[in-house]
There are 2 protein chains.
Amino acid sequence: MSAGHTAVTTPAATDPVISCATPQDECGVRDVLDRLGDKWSVYVVVELASGVLRFKELQRRIPGDISQRMLTVTVRRLERDGLVKRTVYPTIPPQVEYELTGLGHSLTHLIKALADWSIGHRPAIAAARASYDAAQRQ
Amino acid sequence: MSAGHTAVTTPAATDPVISCATPQDECGVRDVLDRLGDKWSVYVVVELASGVLRFKELQRRIPGDISQRMLTVTVRRLERDGLVKRTVYPTIPPQVEYELTGLGHSLTHLIKALADWSIGHRPAIAAARASYDAAQRQ
DNA sequence: CCGTATCCAGTTTGATACTG
DNA sequence: CAGTATCAAACTGGATACGG
């Protein structure tokens, strides 16, 4: 790419990126983005990518002190979307295990790609912000 | 991949997905996710992926009736992050063009991957939700 | 241990009106 | 045309307390 976007008003065609039946359709992209965009889901998926974890252990591993409530809410949403499997052992005290489903595992590749991009371009983004903020102040 | 995640209790090691210097560090992943997680940014990037667009035209193309205010806010954030370039022509009436920067273009690959995953697994997610919701009601 | 219920604070988004 | 300003509504996340 980086080829010809010299044209100005032409909608031309570099690549469609997302092509839906109807342009007004969201193609369900929002469904995924919602789960990627909330504060904790990505971390839960990341931690579960390496294996099965119990609630408390999951909570301990997630960076940034997730509250009990938010961990519950987050894993429930992921479970509802079929990304996480929740297994309850009716013991005393109760024991609940969380693991990624096949669907969940297939998402880890994308998250890794996102993380790589993010880490790789972090300096560029930081520089852009600094420059933008500096320009705003004068 | 899709190889062995048959092990159950072992935190073992499938793959680290995101490995930072310190586990408490976010590695800047949130920086990207913030831009991917808000309601409109992805659509702006998607529309700009195919070429340069003026404000009004961008607004028309984005699905879901984005308000003038939200388009301004979104596009400004993307500009600040160095993903979008904004060019003002001091004409009357004013004319402002938006286009992706190189950084912005490099993100479209990831967004495309996300969109593909999303579209491909939409039925699975819908099924999981239906099943989860049904189970909740009884 | 693994939650749920309540309530509150902060952020994000949207409606509307106005301007160079 | 391309914004800005203002205000209200909605949503999200967090603190706390309690329960099986």
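The sequence lines fix the lettering, A, B, ..., with proteins before strands; numbering per chain opens at 1. Being a predicted model, the structure only gives us computed values, none of them experimental.
- Side-chain contact between B/K85 and B/T87: present, with at least one pair of heavy atoms (C-beta onward) separated by less than 4.5 Å.
- Using a cutoff of 4.0 Å between basic side-chain nitrogens and carboxylate oxygens, A/D31 and B/R129 are scored as salt-bridged.
- Note: CD1 (B/I62) to P (C/dG14) measures 12 Å, nearest angstrom.
- The existence of a salt bridge linking B/K112 and B/D116 is confirmed by a sub-4.0 Å separation between a basic side-chain nitrogen and an acidic carboxylate oxygen.
- Regarding A/Q68, its CD atom lies at a distance of 10 Å from the C1' atom of C/dT4, rounded to whole Å.
- Taken together through direct or relayed side-chain contacts under 4.5 Å among Ile, Leu, Val, Met, Phe, Trp and Tyr, A/L71 and A/V88 form part of one hydrophobic cluster.
- At a threshold of 4.0 Å, the pair B/R77-B/D34 does not count as salt-bridged, since none of the basic side-chain nitrogens sits closer than that to a carboxylate oxygen.
- In this structure the side chain of A/L78 reaches within 4.5 angstrom of the side chain of A/S41, judged on heavy atoms.
- Remark: B/R77 in residues 72-88 of chain B come within less than 4.0 Å of DNA chain C through at least one heavy atom.
- In this structure, CG of A/L58 is placed 14 Å from P of C/dC1, rounded to the nearest angstrom.
- Put simply, the side chain of A/S106 reaches to within 4.5 Å of the side chain of B/W117, judged on heavy atoms.
- Heavy-atom distances to DNA chain D give each of A/P93 and A/G37 a nearest nucleotide, and the one nearer the 5′ end belongs to A/G37.
- Rounded to whole Å, the distance from CE on A/M70 to P on C/dG10 is 17 Å.
- Residues B/Y132 and A/L103 fall into different hydrophobic clusters, defined by Ile, Leu, Val, Met, Phe, Trp and Tyr side chains chained together at heavy-atom separations under 4.5 Å.
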Quick one: do A/L107 and A/L36 satisfy side-chain contact (heavy atoms from CB on, under 4.5 Å)? Show the steps, please.
-> CA-CA 10 Å; A/L107 232 198; A/L36 252 50; 4.3 Å; yes
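- Going from atom CD of A/E57 over to atom P of C/dC1 covers 11 Å, rounded to whole Å.
- Ion pairing of B/E57 with B/R54 is absent here, as no side-chain N (NZ or NE/NH1/NH2) approaches a carboxylate O to less than 4.0 Å.
- Bracketed by its first and final contacts, the part of DNA chain D lying under 4.0 Å from non-hydrogen atoms of chain B reaches from D/dC1 to D/dT6 in 5' to 3' order.
- No side-chain heavy atom of A/V46 sits less than 4.5 Å from a side-chain heavy atom of A/T108.
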Check: protein-nucleotides 5-8 of chain C nitrogen or oxygen pairs below 3.5 Å:
none

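- Separating the CZ atom of B/F55 from the P atom of C/dG20 is a distance of 18 Å, rounded to the nearest angstrom.
- Comparing B/K56 and A/W40 by the nucleotide of DNA chain D whose heavy atom lies nearest to each, the residue mapping closer to the 5' end is B/K56.
- Across the protein-nucleic acid pair, B/I66 atom CD1 and C/dT13 atom P stand 9 Å apart, rounded to whole Å.
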